[in-house]
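First the structure, in the form of structure tokens, and then the observations on it.
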Number of protein chains: 2
Amino acid sequence: MNERHGTADPGPTTGEGGAGLVALAGLAAYTELAAFGLLASRSVDAPDLGTRQALATAAGRALHRQRGLLDLAAVHGVEPASVMAPFDGVLADFDARTTPGNWHEGLLKGVVGHGVAEDFCRLLAAGLAQDQVDALRSAVALDAEVPDASEVLTAAAAADAVLASRLGLWGRRVVGEALGLVPTLLTAHPELSALAARARAAVERDGGALPGDDGGLQSWFMARLTAEHTRRMDRMHLAA
Amino acid sequence: MNERHGTADPGPTTGEGGAGLVALAGLAAYTELAAFGLLASRSVDAPDLGTRQALATAAGRALHRQRGLLDLAAVHGVEPASVMAPFDGVLADFDARTTPGNWHEGLLKGVVGHGVAEDFCRLLAAGLAQDQVDALRSAVALDAEVPDASEVLTAAAAADAVLASRLGLWGRRVVGEALGLVPTLLTAHPELSALAARARAAVERDGGALPGDDGGLQSWFMARLTAEHTRRMDRMHLAA
């Protein structure tokens, strides 16, 4: 495990910052492609035409964000094929461990999995230089919500208390598996763990410490990703 | 069956032409949504990252064309939800009869099914007034190819003669089922059969008759859709 208690990081130079930006763009692009697949699959077997259209549109938006990330990497001289390649297969275990039991579970898997991935990328972006954050933000609206998919779940849960309670349990399982990817990613990708250390330093410098933040880098991320997950489930009126 | 031997059609008035345009936009939007689903599904279980990306991009393009069609219908005062609704479920039989045996068959189903749908819509568009054709053409590149999906099949067939021969047989089955939808659509949708009669009249007025064109409206469409299918299979070096 690549645990760091990084506070002494001098901040990005152009070189290492560029590597961090490209690695982050690659990870984000890969997870957007995964989100596209999860949303599109649930569009295909959606219960009605309106839902089918809404999820297709949400899938298209994921692809649009991915295009922005791939274009950003291309500006830094890295081809789309190469920028995502280091992350190819990284979600295979997550997928295998979270086979949905029904359509709603499949959709919640997409919402939770993509939500964690987006939160993780947003946190990592705090370790970039400001001009890189700006470039990333204009490539893809970092704080863009995908309301369609969560709205479908919010409505379904509101109409069926049993489903809502099952989805709460399912969300807990999915988020557990998703969070389990964080150590794997940080260990396997030195550019990401360097970026993660810089992100932590930057957030704490700006006074963004949480109670219990004296642990390692991984638990620092876990605390924030878990908090965001709780907020996301709350917004859907699902038990986190 | 709504067979017509229409040559005496006076051409579109604004009213009926508008209804024809909206019906055509609805059919085309619905089949683009179907193409999105077929391409996205084959992106999800693609054998490698490059193919996965190529098919996701192709699916995104189908969605982009669909957006143009829905926007065009909206200009004519018809909401996205209503413009596709008359065609909801029209592909269910086609889907049930063409369950692919493997990944390549699934992809060819998308290419052939979408190809026939696009050709049918393009033929129908000949029955619109010129300004409507222009509006449709600017909403969605009517003759845009989706090279990615066919290129994947062309390469796979070139590398495996047994696969190529099986895909040839499969394509014949898929196109048979797809062509079977034409009479169903013309019978169920008077705006489309009126447009079809005008399209035939317009094409024949422009000297576009084929040998054996003295049959009914449906066989007139069959002859043209079959010819286009043969060209499409030829381009992929598959037996039609």
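Keep in mind that what you see is a predicted model, and the values were worked out from it rather than measured. Atom set for the values below is all heavy atoms of this structure, side chains included, hydrogens, waters and symmetry mates excluded. So that the names make sense, note that chain A is the first sequence line, chain B the second, and so on, each numbered from 1.
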Determine which residues belonging to residues 84-93 of chain B lie within contact range of chain A, meaning some heavy atom pair is under 4.5 Å apart, and list them by number or answer 'none'.
-> B:Met84, B:Ala85, B:Asp88
Check side chain to side chain contact (heavy atoms under 4.5 Å, CB included) between A:Glu191 and all other residues, then give those that pass, not counting sequence neighbours.
-> A:Ala19, A:Ala23, A:His189
Yes or no on side-chain contact (heavy atoms from CB on, under 4.5 Å) for B:Leu49 and A:Leu33, after CA distance, side-chain angles and deciding distance?
-> CA-CA 10 Å; B:Leu49 185 55; A:Leu33 183 58; 3.9 Å; yes
CD of B:Gln66 to OG1 of A:Thr57, rounded to nearest 0.5 Å, is 7.0 Å
Partner chain B: residue of A:Ala81, A:Ser43, A:Ala40 with the largest heavy-atom pair count (under 4.5 Å) | A:Ala40
Flag yes if more than 12 heavy atoms outside B:Arg166 fall under 6.0 Å of its CZ atom; otherwise flag no.
-> no
If one checks every heavy atom of B:Leu38 against chain A at 4.5 Å, the contacting part turns out to be neither
Rounding to 0.5 Å, atoms OH (A:Tyr30) and CZ (B:Arg52) come to a distance of 4.5 Å
Smallest heavy-atom separation, A:Gly37 atom then B:Val44 atom, equals CA-CG2, 3.5 Å
